[in-house]
Amino acid sequence: MAEFYKKYNPDRSPEWNYGGAKWKLSRSKIDAFIECPRCFYLDNKLGTKRPGMPSFNLNIAVDALFKKEFDIHRTAGSQHPLCEKYGIDAVPFAHPDLEAWRDPFIGITYRDPETNLLVSGGVDDLWVKPDGTLIVADYKATSKDGTIEGLGDSPWEMQYTRQLGVYRWLLERNGFNVDPTGYLVYANASKDEDVFDDMLTFETTLVPVPTEVDWISGTLHAIKATLESEKLPPVGKACEFCPYREAAGKKIQAVYRAHGNATRI
Ligand code: SF4
């Protein structure tokens, strides 16, 4: 067996595919559908996922430390200094299900009655206002020039807006009042220091994100129709992998035809 099978299984067990007992529609899968319906179909219907990327361990470390920091204030019932600085009258929300909601393998879940799709999303944090309204917050780490005070219109930033929108929608469907404005807790590492000296210097800002939820129902119907169809959906517009895959496949086949040698598997 080829070595790559140890790391990457191109034929996932059907129980994780659409219709299987373990399949659900995570927030990231919704985004994958928006990015490219065909790759979404290959993954969720046919069981072949794109190979993964290495995990961003520095970002994961920042997330873990933010979580600890906000948890201290959750336990104390106190406002985090960042919220105070930005005039947000809210404290970290304490709820018996919070750890499950934060777990990406569980998350907040809701079965949409119109499509029967089980939708899930793992939040980073929730804050609560004095009137009980929840605020969705997500931790982000990056390294960009200047101070991050707002979202731009890059695909990443649009994805963040959808991400917080799905969390809001899930919470609303679970009976909570949710503020339409979510927040990104943004840690921005400076590249302007003289030396590394075992240290990164961050500037942390709160970036408001106006969320929309009106697009979600229509998207769920489109996802359902795609998953129920036997036809391949179209490819996304900005991906380089399909032209690569097609060109590479044609060239490999041409070599096979010409020489009939070299098998990989
Ligand atoms: S365009 Fe990219 S994302 Fe879409 S099917 Fe091809 S490889 Fe996948």
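Hydrogens, waters and symmetry mates are skipped; everything else that's a heavy atom, side chains included, is used. Atoms within each ligand, like the ligands themselves, are counted from 1 in listed order.
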Could you check Asp125, Asp124, Asp63 and say which one makes a side chain to side chain donor-acceptor pair (under 3.5 Å) with Tyr139?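 Checked Asp125, Asp124, Asp63 against Tyr139; only one passes side chain to side chain donor-acceptor pair (under 3.5 Å): Asp125.
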Between Trp101 and His95, is a ring pair (Phe, Tyr, Trp, His ring centres under 6.0 Å) present by the stated rule, with each step listed? CA-CA 10 Å; Trp101 293 344; His95 189 281; 4.4 Å; yes
Nearest protein heavy atom with distance in Å, relative to [atom]:
atom	answer
atom 2 (Fe) of ligand 1	Cys239 SG, 2.2 Å
atom 4 (Fe) of ligand 1	Cys36 SG, 2.1 Å
atom 7 (S) of ligand 1	Phe241 CB, 3.3 Å
atom 8 (Fe) of ligand 1	Cys39 SG, 2.2 Å
atom 6 (Fe) of ligand 1	Cys242 SG, 2.1 Å

Does CH2 in Trp16 sit with more than 12 non-hydrogen atoms of other residues, nucleotides or ligands closer than 6.0 Å?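 No.
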So is Glu35 touching ligand 1 or not, going by heavy atoms under 4.0 Å?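 Heavy atoms of Glu35 never come under 4.0 Å of ligand 1.
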Hey, which atoms in ligand 1 end up nearer than 4.0 Å to a heavy atom of [X]?
X	value
Arg38	5 (S)
Val235	1 (S)
Arg50	3 (S)

Ligand 1 contact on Glu240 by region, counting heavy-atom pairs under 4.0 Å: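 Looking at Glu240 and ligand 1, no heavy atom falls under 4.0 Å.
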Report yes if the side chains of Lys85 and Leu206 come closer than 4.5 Å at any heavy-atom pair, otherwise no.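 No - every pair of side-chain heavy atoms lies 4.5 Å or more apart.
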Less than 4.5 Å apart, any side-chain heavy atom of Met199 and any of Glu193?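 Answer no - side chains too far apart.
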